Amino acid sequence: MSIKLVAIDIDGTLVNNNREITPQVFEAIQQAKAAGVKIVIATGRPLLGVKTILAELNLLDEGDYVITYNGALVQATATGEAFIDEPLTYDDYLDIEMESRRLDTPLHSITMSAVYTHNRDISKYSVNEAYITGLPLKYRTAEEMGKHELVKMMYIDEPEKLDQTIKKLPKRFWERYNIVKSTPFYLEILNKNASKGLAVQHLANKLGISYDETMAIGDEENDRSMLEAVGNPVVMENGNPELKKIAKYITKSNEASGVAHAINEWVLNN
């Protein structure tokens, strides 16, 4: 079967180490889109934080989609309209916030319009998140967060401290939430029904695309769910060795335009 949908991670996958889209990757994506293949960027960022990339790749047309917030939202890129929306509740917020105090781990919360922190000593990692997403960073108390719809929350700390926090998380956390470590200093906590994998499945079903006609390209553990959800999982040469165990294909590294190689070899050639 030919591939009709390709979901692509950004960092370590779509872009090189300078966070640039190479000419080879650009051209391969344009050819795939012209051939009728749905190219879907799958990211932990909000739509605002990925608009520049979507514009650069000509993926802002009617019928183009993007997976944002690690699968909590699937949106039409042209309008921002969400047809999959899996938020956290205020009860979830209180639960996660209480554990952050017990574990002495900073956190911030993200809505569709802002990054919120209740820490008076604002973490550099909250500042970094606001910078890379393009969202404003705001201080709010826990009591004030009840009126906001939360897309996800993040425990943030120095990598070695965050690893200790992960080990101490209660078992019920793993049962109640979808938890992904997106960087050495970010642990993302989402609705149990929010993941890149479920988002890809829902989008494929909406578009009438079968399992065998789907492909995902990624490099890290937060891509695992979407790699497991498609018929053709592709892992970057620079990817996590554990992910390579579940790959159908290993493509070149992000520095060697691996996304272009994957599209040219296993999408366009078919």
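Since the model is a prediction, treat every value here as computed from it, not as a measurement.
In this structure, the side chain of Thr133 engages the main chain of Glu129 through a donor-acceptor pair within 3.5 Å.
The shortest distance between side-chain heavy atoms of Glu20 and Val15 does not fall below 4.5 Å.
Outside the 6.0 Å centre-distance limit, the rings of His108 and Tyr116 are not counted as a close aromatic pair.
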Quiz item: What's the verdict on salt bridge (Lys or Arg N to Asp or Glu O under 4.0 Å) for Asp163 and Lys168, showing C-alpha distance, side-chain angles and the deciding distance?
Solution: CA-CA 9 Å; Asp163 286 342; Lys168 296 175 183 177; over 6 Å; no
Self-check item: Thr117 and Asn119: CA distance, side-chain angles, deciding distance, side-chain hydrogen bond (donor to acceptor under 3.5 Å, both in side chains) verdict
Solution: CA-CA 5 Å; Thr117 177; Asn119 302 306; 3.3 Å; yes
Practice problem: Give the C-alpha distance, both sets of side-chain angles, the deciding distance and a yes or no for salt bridge (Lys or Arg N to Asp or Glu O under 4.0 Å) between Arg172 and Glu99. | Solution: CA-CA 12 Å; Arg172 62 180 176 79; Glu99 282 299 315; 3.4 Å; yes
Exercise. Show your working on side-chain hydrogen bond (donor to acceptor under 3.5 Å, both in side chains) between Glu158 and Tyr125 and close with a plain yes or no.
Key: CA-CA 9 Å; Glu158 300 301 322; Tyr125 295 123; 3.1 Å; yes
Practice problem: Give the intermediate values and the outcome of salt bridge (Lys or Arg N to Asp or Glu O under 4.0 Å) for residues Lys51 and Glu56. | Solution: CA-CA 8 Å; Lys51 274 264 185 163; Glu56 184 176 349; over 6 Å; no
Practice problem: For Glu255 and Asn17, run side chain to side chain contact (heavy atoms under 4.5 Å, CB included): C-alpha distance rounded to whole Å, both residues' side-chain angles, the deciding distance at 0.1 Å, then the answer. | Solution: CA-CA 7 Å; Glu255 284 290 278; Asn17 292 343; 3.4 Å; yes
Practice problem: Evaluate the criterion side-chain hydrogen bond (donor to acceptor under 3.5 Å, both in side chains) for residue pair Glu160 and Gln164; output intermediate values, then yes/no. | Solution: CA-CA 7 Å; Glu160 62 277 7; Gln164 291 303 310; over 6 Å; no
Practice problem: Go through the steps for Tyr65 and Phe83 under the test ring-ring contact (aromatic ring centres under 6.0 Å, His included), then give the verdict. | Solution: CA-CA 10 Å; Tyr65 297 93; Phe83 73 89; 5.7 Å; yes
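Using a cut-off of 4.0 Å between Lys/Arg side-chain N and Asp/Glu carboxylate O, Lys196 and Glu228 are scored as not salt-bridged. With respect to Glu237 and Lys252, no salt bridge is recorded, no charged nitrogen being found less than 4.0 Å from a carboxylate O. Salt bridge Asp92/Arg176: present, at least one basic N to carboxylate O contact under 4.0 Å. Taking 4.0 Å as the cut-off between side-chain N and carboxylate O, Asp104 and Lys161 do not count as a salt-bridged pair. A salt bridge between Glu144 and Lys138 is absent, with no side-chain N of the basic residue lying under 4.0 Å from a carboxylate O of the acidic one.
Thr105 and Ser100 share no donor-acceptor pair across their side chains, judged by distance under 3.5 Å alone. No side-chain N or O of Ser210 forms a donor-acceptor pair with one of Asp212 less than 3.5 Å apart. In this structure, a donor-acceptor pair under 3.5 Å is present between the side chains of Gln30 and Asn58. A side-chain donor from one of Asp95 and Tyr177 sits under 3.5 Å from a side-chain acceptor of the other. Defined by atom type and a distance below 3.5 Å, a donor-acceptor pair is missing between the side-chain atoms of Asn178 and Lys192. No donor-acceptor contact under 3.5 angstrom links the side chains of Ser2 and Glu213, judged on distance only.
Shown here for Leu150 and Ser109, the closest heavy-atom pair between the two residues is CD2-CB, 3.9 Å.
When the shell of 6.0 Å around OH of Tyr131 is examined, it contains 12 or fewer heavy atoms from other residues, nucleotides or ligands. Counted within 6.0 Å of NZ on Lys38, heavy atoms from surrounding residues, nucleotides or ligands total more than 12; the atom is thus considered enclosed. The 12-atom threshold is not exceeded at CZ of Arg120, counting heavy atoms of other residues, nucleotides or ligands nearer than 6.0 Å.
Residues Leu187 and Met153 fall within the same hydrophobic cluster, defined by Ile, Leu, Val, Met, Phe, Trp and Tyr side chains chained together at heavy-atom separations under 4.5 Å. Val50 and Val25 fall within the same hydrophobic cluster, defined by Ile, Leu, Val, Met, Phe, Trp and Tyr side-chain heavy atoms under 4.5 Å apart, directly or through other members. Hydrophobic clustering of Ile, Leu, Val, Met, Phe, Trp and Tyr side chains at less than 4.5 Å, counting indirect connections, keeps Leu207 apart from Leu73.
For the atom pair CG (Leu169) and CG (Leu103), the distance works out to 6.0 Å, reported to the nearest 0.5 Å. Here the CD1-CG distance, from Ile217 to Asn232, works out to 10.0 Å after rounding to the nearest 0.5 Å.
Cation-pi check for Lys181 over Tyr186 is not met; the charged atom does not lie both under 6.0 angstrom from the ring centroid and within 45 degrees of its normal.
Ring-plane geometry between His261 and Trp266 is classed as perpendicular, the angle between the planes exceeding 60 degrees on a 0 to 90 degree scale with a lower cut at 30.
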